[in-house]
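Each remark here refers to the structure printed beneath this line.
Chain A is the first sequence line, chain B the second, and so forth, proteins listed ahead of strands; every chain is numbered from 1. All figures in this text were calculated on a predicted structure; none of them were measured in a lab.
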Amino acid sequence: MSIRTRFAPSPTGYLHVGGARTALFSWLYARKHGGRFILRIEDTDIERSSIDSVNAILEGMTWLGLEYDEGPIYQTERFNRYHEVLQQLLDSGNAYRCYCTKEELEQMRARQKARKEKPRYDGRCRSGAGPREGVEPVIRFRNPLEGAVVVDDMVRGRIVFANSELDDLIIARSDGTPTYNLTVVVDDLDMGVTHVIRGDDHINNTPRQINILRALGAEPPRYAHVPMILGDDGKRLSKRHGAVSVMQYREGGYLPQALLNYLVRLGWSHGDRELFTVDEMIELFDIRDVNRAASTFNSEKLLWLNHQYIMNSPPEQVAHHLSYHMGRLGIDPADGPPLTEVVKAQRERTRTLVEMARNSAFFYREFEEYDAKAARKNLKPEAVEPLGDMLENFRTLPDWSGEAIHRIVRETAELRGLKLGKVAQPLRVAVCGGAVSPPIDVTLELLGRERTIRRMERAIAWIAGQNAVATQSDSG
RNA sequence: GCUCCCAUCGUCUAGUGGUCCAGGACGUCGCCCUCUCACGGCGAAAACAGGGGUUCGAGUCCCCUUGGGAGUACCA
């Protein structure tokens, strides 16, 4: 039998990293076994679902490259089917109408809690309650009273639930709409899902779903409950923990590959390996190797991984993603050196694309002003002469190459009896505005002769200006 | 409260009864390289939650305690 997995988010917010990892695991499992991966949108809670959320989820999946083979399937389009199953359950006696009011149920729960019991429906309508005026009934599933449900979970092993712990859950609201536990069961059944891979917050729902499945005369799929991802405070990851939306990582300058690699290693490992291409993940991943314990999201390690991918991915690929961030800064890459060259020059010193874009802006447009600290330290009167020397040489340099530029910088230092840093640093600040850039020869080569000369002149003038101000205030 | 799940360095993890005075990675701290920032190289500190068993032998199996998490909805 060919394997079919699914990712079934409810569209009540963006795609967050926890959901993305669950989706990744499902996707990998299907890919590894040559099966199919289905995307299903669980939007039966009309109050809380939104089209914006659907789009946000789709956008996140696309950016990560988790393409689905079927779907998206919307549960709201399957109401006829759910009603059919509901009727079937009613007819077979596996479900019944319940006329208890919300108030009654709340009181029941309050009393149970006061007695330190587990709050649950006591089954008062189970043996055939008659209609009550002004009460639209809900439909409840008639859960077996005795016996146990055994789940052989692919990551947890065997879990046993006593039916006596379960109550008769609501499978249709009083407005007739089906609830989650019914729709998952029907959908997984209809869609031929063979492996349900989901967060372990669903473990407690599993025995109920299995009971419904059995009442329908179906065999349950295999289950794999993967652990949750916790925030820095040890609590379940949520919107309170800041950047948890997948798309926020795009904005933050992360490569989708890096996020995927980080996510797959959270709860799964293959010996001592840290870096996996997507193809390697598909080859090596096994749901049985997934950890049982919850893990904490560590932004520092993600940053390191992102840097690894920036350094080791093909420059063209990095450049492609970088152009998005250049665009966000209002920069047109046509106004300067090729982006792939910038990537090669910057990749070792920037851990995110946002950083790379920001630190490379000077290649494409003038910077507003010098970094105060860098200027104070390097653009001093004693820098004027070496800068002037180099400027003259640069004007007449026959070939504007890194080697030639490097030779001039080195010779200037030797001629003036200065350490290389004393010459290179002022030059760096002059052309890029700050104290940090790629090696000076690489920087100048990419920047081009025109811009280099203009900025050196500007720096020399600026130093003179500073000097004049200082002299003035001295005499005043 | 009740039910279920979980427990190796700060974090992610390796480890499936002996080869573990516990290995790797991130981070941290030294040193080296160096025109800045980095990259890179070398090195260091850092963990089997506690207690009982089982066994010749336990991080590895069992039980209890403790600590965390989830569920307990006419949410998914």
Considering every strand and a 4.0 Å limit on heavy-atom distances, what is the contact class for [X]: base, sugar-phosphate, or nothing?
| X | result |
| --- | --- |
| A:Lys102 | base |
| A:Phe161 | sugar-phosphate |
| A:Gly267 | sugar-phosphate |
| A:Ala435 | base |

Identified side-chain hydrogen bond (donor to acceptor under 3.5 Å, both in side chains) partner of A:Arg208 from the options A:Asp167, A:Asn143, A:Asn163: A:Asp167

For A:Glu117, the option from A:Arg115, A:Lys113, A:Arg120 that meets side-chain hydrogen bond (donor to acceptor under 3.5 Å, both in side chains): A:Arg115

Residue [X], side-chain heavy atoms: nucleotide from [options] that is nearest:
| X | options | result |
| --- | --- | --- |
| A:Lys118 | B:U3, B:C26, B:C35 | B:U3 |
| A:Lys301 | B:A70, B:C26, B:U72 | B:C26 |
| A:Arg265 | B:C26, B:G24, B:A73 | B:G24 |
| A:Leu420 | B:G27, B:A70, B:C35 | B:C35 |
| A:Ile159 | B:U36, B:C5, B:G10 | B:C5 |
| A:Glu165 | B:A7, B:U3, B:U36 | B:U3 |
| A:Ile203 | B:C6, B:A73, B:C5 | B:C5 |
| A:Asn205 | B:G27, B:A76, B:C74 | B:A76 |
| A:Pro119 | B:U13, B:G1, B:A7 | B:G1 |

Spacing of [X] atom [atom1] relative to [N] atom [atom2], expressed in whole Å:
| X | N | atom1 | atom2 | result |
| --- | --- | --- | --- | --- |
| A:Asp45 | B:A73 | CG | P | 16 Å |
| A:Leu266 | B:U11 | CG | C1' | 10 Å |
| A:Ile229 | B:U11 | CD1 | C1' | 14 Å |
| A:Gln425 | B:C35 | CD | C1' | 6 Å |
| A:Asn312 | B:C39 | CG | C1' | 11 Å |
| A:Leu263 | B:A25 | CG | P | 22 Å |
| A:Asp441 | B:U34 | CG | P | 15 Å |
| A:Leu305 | B:U11 | CG | P | 18 Å |

From CA spacing to verdict: ring pair (Phe, Tyr, Trp, His ring centres under 6.0 Å), A:Phe276, A:Trp268: CA-CA 12 Å; A:Phe276 300 89; A:Trp268 175 80; 5.1 Å; yes

Look through every strand shown and name the nucleotide pairing with [N] as Watson-Crick or G-U wobble, where both distances are under 3.5 Å.
| N | value |
| --- | --- |
| B:U16 | none |
| B:G40 | B:C32 |
| B:U66 | B:A7 |
| B:C75 | none |
| B:A45 | none |
| B:C61 | B:G53 |

Compare side-chain N and O positions of [X] against OP1 and OP2 of [N] and report whether any pair is under 4.0 Å apart.
| X | N | answer |
| --- | --- | --- |
| A:Arg115 | B:G1 | no |
| A:Ser295 | B:U13 | yes |
| A:Ser269 | B:A14 | yes |
| A:Arg173 | B:A73 | no |
| A:Thr296 | B:C12 | yes |
| A:Thr44 | B:A76 | yes |

[N] versus [M] - spacing of their [atom1] atoms, nearest Å:
| N | M | atom1 | value |
| --- | --- | --- | --- |
| B:G67 | B:C31 | P | 43 Å |
| B:A45 | B:G10 | C1' | 12 Å |
| B:G51 | B:G69 | P | 24 Å |
| B:C9 | B:G23 | C1' | 12 Å |
| B:U60 | B:C6 | P | 15 Å |
| B:A46 | B:U13 | P | 23 Å |
| B:C37 | B:A49 | P | 42 Å |
| B:U36 | B:C48 | C1' | 44 Å |

Criterion side chain to side chain contact (heavy atoms under 4.5 Å, CB included) against A:Phe141, the qualifying member of A:Val185, A:Ile170, A:Leu86, A:Ile171: A:Ile171

Identified side chain to side chain contact (heavy atoms under 4.5 Å, CB included) partner of A:Tyr14 from the options A:Ser53, A:Ser245, A:Pro9: A:Ser245

[N] base to [X] side chain: any donor-acceptor pair below 3.5 Å?
| X | N | answer |
| --- | --- | --- |
| A:Asp272 | B:G23 | yes |
| A:Gln112 | B:G1 | no |
| A:Arg48 | B:C75 | yes |
| A:Arg428 | B:C35 | yes |
| A:Ser437 | B:C37 | no |

Nearest-nucleotide comparison on RNA chain B, the residue closer to the 5′ end among A:Ile170 and A:Arg158: A:Arg158

Nearest-nucleotide comparison on RNA chain B, the residue closer to the 5′ end among A:Lys116 and A:Thr179: A:Lys116

Among A:Arg142, A:Arg140, A:Arg126, salt bridge (Lys or Arg N to Asp or Glu O under 4.0 Å) partner for A:Asp168: A:Arg126

Validation row, ring centre A:Tyr254 to ring centre A:His307 under 6.0 Å: no

Under 3.5 Å: donor-acceptor pair, side chain of A:Thr177, backbone of A:Arg173: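 No; zero donor-acceptor contacts below 3.5 Å.
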
Heavy-atom side-chain proximity of A:Pro137 to A:Cys98 below 4.5 angstrom: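 A:Pro137 vs A:Cys98: side chains apart.
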
Modelled atom types, side-chain donor and acceptor of A:Thr206 and A:His225, under 3.5 Å: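 Judged by distance alone, the side chains do pair up.
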
